[in-house]
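First the proteins, then the strands, lettered A, B, ... as listed; each starts at 1.
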Amino acid sequence: MDDTVAGMAADPASATVPVTGWGRTAPTSAHVVRPRSYEEAVTAVRDCAAPGHRGGIARGLGRAYGDAAQNAGGAVLDMTGLDRIHAIDADGGTVLCDAGVSLHRLMEVLLPLGWFVPVTPGTRYVTVGGAIGADIHGKNHHVSGSFARHVLALELLTADGEVRVVERGTDLFDATAGGMGLTGIILTATVQLQRVETSLMSVDTERATDLDDLMARLTATDHRYRYSVAWIDLLARGTAMGRSVLTRGDHAPLDALPARARRTPLAFRPGQLPAAPAFLPEGLLGRTTVGLFNELWYRKAPKARTGEIQKLSTFFHPLDGVPHWNRIYGRSGFVQYQFVVGYGKEEALRHIVRRISERGCPSFLAVLKRFGDGDAGWLSFPMPGWTLALDIPANLPGLGAFLDELDEEVAAADGRIYLAKDSRLRPELLTAMYPRLADFRSLRARLDPRGVFRSDLSRRLGL
Amino acid sequence: MKDAFGTPQSLLILGGTSEIALATARRLIARRTRTVWLAGRPSPALDKAAAALRDLGADARTVAFDALDSASHEEVLGKVFTEGDIDMVLLAFGILGDQAHDEDDPMAAVRVAQTNYTGAVSAGLVCARSLQAQGHGSLVVLSSVAGERARRANFIYGSSKAGLDAFAQGLGDALHGTGVHVMVVRPGFVRSKMTAGMAEAPLATTPEAVALAIETGLRRRSETVWVPGALRVVMSALRHVPRPVFRRLPV
């Protein structure tokens, strides 16, 4: 959101502005409303239901890469005004909070009590509502599953303006977990937390020389770590194709800390660098610069190091240290491509990695990890298998057609694309990727017959 | 909805038999476009164009539209937008006229001006309003290098394109920040039925090349696109040539 339209009242609670996702592609204009109470949220939803209105969609901190929290010509409900933490059960390890609370805020509050969020993605700046709507996953998916697995119940404001309590195990819960905000507005959630002794991480780092080496290492030893992820150099070709750095670890136990840190074992002090400037030239991240970065990143990683003590923020959220890092891709923005293919489909993964590396997609954020069991969410992304995520500048010529071809390979291998990151999938492939899509559509048709909840994503893919 | 690369899923072409427009439609259908509206005067050529796009897998429909009948634009185009979102409008109608003949027949010259300029003003504004209500969409306007500087050989056509070009630029500024993107496309000499039999100018191009430039411009969210790109440099030089000299240039 950059500028407001000339002539609009400068009311910060409500304005028509261009809205984009984190990737900054495909801006569309929407009426942004920021409810500050549940009543205001109910009123906003009732307004969206008026005849001729183009509907509404909830938005948190805008970290979805694509168009999931945009709604051209309609309303976008900025939920960050509803950010109260209502109750913490410090013994049982649960928290009841508004959907607009960020994971960052939860960590600030919960870590001193010895609790941590059960699942965190690569940024702390997502809201609880967004985490459920996208059913996010983290480096611990192979152990802990996705976010919604840890949600005990939630309150959902539905198209009829009613607030429903939604329990785990119900159809509405499973449609909402990963449902991209299209079943309603999540108002509150009760989340089961993860017990920790310290706010530091004990991290093992090792290098893998190529893709096969990496996959073998992950397969053999992943189960020993709560958190596990591999950074891949996708520009490396030939015998080095798939060379990578594995970082894996767990929350450091108290006795692993150096004496000084032991005095304040649960302190949470994420550092922050200056923000990326608002205007940067296009093409900063070409093959040469990214190639150099990747070479350095690979060389600087130790061949093997165990038990290194790292800050939480360094291990989980390195990019949060640079506010607005998405600007480095310039005006045309970037797309994030994340897919998963099941175990047994390693050949498809190898083929896709080879194609990306042969084409020379300049991606310096390419991440491979193994998913564990999937969860019940109908449009939930994770399923047992290998997932690869990469960032690519959107102005790369021919990128659209190239990614379409990769989609075909993913679909042919019974894999799928992550909707929270998508901004370009062909709608035809969706049914193959998400077998419960028909159930999702029919539940929506019953719950929201007039289509009060709509987003650019839902229009583009016909969700 | 358009995707991250600005590729539309639905397309409305004003001037449904334009070769450049149909080349663009074919290109976009190969990517994401599924719905195409061809607006133009009812004719076998219009139906044939729609049938050809249907063969490519698009849901192509025709709608009766007459650039010269400005009064009808609101109703005709309004109906198209009520059927569903339009991600991209391609304003592609226009006539070349016959300069030598039209100089002696002012009413024929006026017809060129009314088609290329007046018709585009009403159709453009009607579409702009609908796109703005949608909160998204691209309005792509086919201008011409001929509008950049009046030439002895075709100043009637050129002046109409100059008016259209200035109109589209201003409209683009008016819509800035509304989610609607206006892109002015300035092709040079395009080998097509419009120019059949004419002496080819330097840097001549094809409808397919213009289509490619449009697709690239959508991805970059460009405001102005020259086809071929070298014309941008050539024309910025020509623009500053003194008139006594320009008059004598073989352009």
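With a threshold of 4.5 angstrom between heavy atoms, Glu428(A) approaches chain B through side-chain atoms but not through N, CA, C or O. Using a 4.5 Å cut-off between heavy atoms, Leu425(A) contacts chain B through its backbone alone, with no side-chain atom that close. Proximity to chain B (any heavy atom under 4.5 Å) is restricted, for Asp404(A), to the side chain, taken from C-beta onward. Looking at Arg54(A), the atoms closer than 4.5 Å to chain B (heavy atoms on both sides) all sit in the side chain, from C-beta outward. Interface residue Ala401(A): backbone and side-chain heavy atoms are both found under 4.5 Å from chain B. Proximity to chain B involves both the backbone and the side chain of Pro397(A), based on heavy atoms less than 4.5 angstrom apart.
Between Phe5(B) and Thr25(A), the closest side-chain pair of non-hydrogen atoms is not below 4.5 Å. Taking the side chain as every heavy atom from C-beta outward, Gln132(B) and Ser29(A) never approach each other to under 4.5 Å.
Between Gly177(B) and Pro18(A), the shortest heavy-atom distance links the atoms O-CG, 3.4 Å. The two atoms that bring Ala26(A) and Asp3(B) nearest to each other are CB-O, 3.7 Å, heavy atoms only.
Rounding to the nearest 0.5 Å gives a distance of 14.0 Å between CG of Asp85(B) and CZ of Arg460(A). Interatomic distance, Arg426(A) CZ to Gln9(B) CD, rounded to the nearest 0.5 Å: 11.5 Å. Distance check: Gln70(A) CD to Met1(B) CE gives 7.0 Å after rounding to the nearest 0.5 Å.
Heavy-atom pairs under 4.5 Å with chain A peak, among Gln134(B), Arg220(B), His136(B), at Gln134(B). Between chain A and the residues Glu215(B), Arg34(B), Arg221(B), the most heavy-atom pairs under 4.5 angstrom are made by Arg221(B). Of the residues considered (Gly137(B), Ala30(B), Gly179(B), Gly6(B)), Gly179(B) shows the highest number of contacts with chain A, using heavy-atom pairs under 4.5 Å. The most heavy-atom pairs under 4.5 Å with chain B, out of Gly333(A), Ala30(A), Ser332(A), Pro27(A), come from Pro27(A).
Remark: Glu208(B) CD is packed, more than 12 non-hydrogen atoms of other residues, nucleotides or ligands lying under 6.0 Å away. Other residues, nucleotides and ligands place more than 12 heavy atoms under 6.0 Å from the CD atom of Glu200(B).
A donor-acceptor contact shorter than 3.5 Å is absent between the side chain of Arg219(B) and the backbone of Gly400(A).
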